[in-house]
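Contents: one structure, followed by commentary.
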Number of protein chains: 2
Amino acid sequence: MQKLKQLNHLLIEFYDKLSSWEQSVVKETGYTLAQVHTIEVLGSHGPMRMKELADRLSITTGTLTVQVDKLVKAGLIVRLPQESDRRSILVDLTPEGRALHEHHNALHLALVEDLTRHLSSEEQQMLITSMTKINREF
Amino acid sequence: MQKLKQLNHLLIEFYDKLSSWEQSVVKETGYTLAQVHTIEVLGSHGPMRMKELADRLSITTGTLTVQVDKLVKAGLIVRLPQESDRRSILVDLTPEGRALHEHHNALHLALVEDLTRHLSSEEQQMLITSMTKINREF
DNA sequence: TTATTTAGTTTGATTATCAAGGTATCTATT
DNA sequence: AATAGATACCTTGATAATCAAACTAAATAA
């Protein structure tokens, strides 16, 4: 029970710190949090339809339409109408969008490297194992 | 390097899932995410001044003033003017606010219990150790 | 005393978001 | 084939969160 409380607190603390880190990192790009988040999802999962993207971002397709409009205007993504289903639209990164993702992802990797540098190889391995189990349960 | 990528991905996945979970849990309370987040911080760290609360929430004091107005009106918190420094104001939970925090916190604990139930006692212990180190570095 | 810093508030503008309604397209049923 | 229902996306109107900048009051330093 004490362990649970402790773990709960640690996970929340990590969440808050990551949230704050992301905010400050995003601010420097000149884009908004929602925009960068959209780029992140497209960058790490590849092109996808509006519906799926909205689901992954936990927003409605209505909200996403507005967001995608801005990103298209900014030259970061493109809308690709689908022949197979003419209702749906594939959204994909432009080279500029991909560049932004690469850059942002590099910052994430550098952060994780920094955060885990005092973990032994064994601890790192077990952290991977544990987080995998946790995410699977989520 | 492969490990880093893997860990980065796992942490982001966890973050996104927790974010989504929090959103749906908060929705059921009838309060907004920002409101519940404010209650959470006050509940787990105790009463504090506007400035400190704003810092912990990563928002400006201007934003917080508006937020606190709403929470006071909703009966969840109170403003306690300080005699020692008459510029500053201590913000604290009312019994109603505390009840909301208790309830929300219980959901968090239940979630963590659920997520970690397939971890061995040893894994749980090492997860605590690792997350402690990570948060310290953050 | 005067100047500077600090704590909190107010205001105006921007962004993100949702719910609800609308259009076009696809799918299943008759 | 015709119709009904479901799905994908878009549009619109309203609300919430946020910041920057200007403001007030109080504390602190010169």
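Numbered from 1 within each chain, the chains take letters A, B, ... in sequence-line order.
Minimum atom distance to the side chain of A/Arg86 is reached by C/dT25, of the listed C/dT25, D/dA25, D/dA17. Proximity note for B/Thr60 (side chain, C-beta onward) versus C/dA7, D/dA17, D/dC19: the nearest is D/dC19. Looking at the side chain of B/Thr65, the nearest of the listed nucleotides D/dC19, C/dT9, D/dA8 is C/dT9. Of the listed nucleotides (D/dT18, C/dG8, D/dA8), C/dG8 has the atom at the smallest distance from the side chain of B/Arg49. Of the candidate nucleotides C/dT25, C/dT9, D/dA27, C/dT9 has the atom nearest to the side chain of B/Ile89. Across D/dT7, D/dT18, D/dC10, the shortest atom-to-atom separation from the side chain of B/Val66 is found for D/dT18.
Between B/Tyr15 and A/Tyr15, the two ring planes are parallel [angle under 30°; tilted spans 30° to 60°].
Residue A/Thr38 is classed as having no contact, given no heavy-atom separation below 4.0 Å to the nucleic acid. Across all strands shown, B/Thr32 has heavy atoms under 4.0 Å from sugar-phosphate atoms exclusively, and none from any base.
Rounded to an integer number of Å, the gap from B/Met50 CE to D/dT24 C1' is 15 Å. Nucleotide D/dC9 holds its C1' atom 16 Å from the CE atom of A/Met48, rounded to whole Å. Atoms CD (A/Gln35) and C1' (C/dT15) sit 9 Å apart, rounded to a whole Å. Rounded to whole Å, atom P of D/dC9 lies 13 Å from atom CG of A/Leu57. The separation between A/Gln82 atom CD and C/dA24 atom P is 20 Å, rounded to whole Å. Atom pair B/Leu53:CG and C/dG8:C1' shows a separation of 13 Å (rounding to whole Å applied). When the P atom of D/dA26 is taken as reference, atom CZ of B/Arg87 falls 10 Å away, rounded to whole Å. Taking atom CG of B/Asp69 as the reference point, atom C1' of C/dG8 lies 11 Å away to the nearest angstrom.
Residue A/Gln67 places at least one side-chain N or O closer than 4.0 Å to OP1 or OP2 of C/dT17. For D/dA17, neither phosphate oxygen OP1 nor OP2 lies less than 4.0 angstrom from any side-chain nitrogen or oxygen of B/Thr63. At C/dT9, one or more side-chain N or O atoms of B/Arg79 fall inside 4.0 Å of OP1 or OP2 (strictly under the cut-off).
With a 4.5 Å cut-off on side-chain heavy atoms, A/His37 and A/Gln67 do not count as touching. Within the 4.5 Å cutoff, the side chain of B/Met50 has no heavy atoms near those of the B/Arg87 side chain.
Mapped onto DNA chain D by nearest heavy atom, A/Lys27 and A/Val68 fall at different nucleotides, with A/Val68 at the one closer to the 5' end. Nearest-nucleotide positions on DNA chain C for A/Glu83 and B/Thr61 put B/Thr61 closer to the 5' end. Residues A/Ser88 and B/Gly62 each lie close to DNA chain D; by heavy-atom proximity, the contact nearer the 5' end of the strand is made by A/Ser88.
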Using the rule given for salt bridge (Lys or Arg N to Asp or Glu O under 4.0 Å), can you reason through A/Glu102 versus A/Arg98, listing the C-alpha separation, both sets of side-chain angles and the distance that settles it, and then say yes or no?
CA-CA 6 Å; A/Glu102 303 280 325; A/Arg98 192 157 302 282; 5.1 Å; no
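Within a 6.0 Å radius of CD in B/Gln82, more than 12 heavy atoms belonging to other residues, nucleotides or ligands are found.
Scanning both residues, A/Asn105 and B/Asn8, for their nearest heavy atoms gives ND2-ND2, 3.8 Å.
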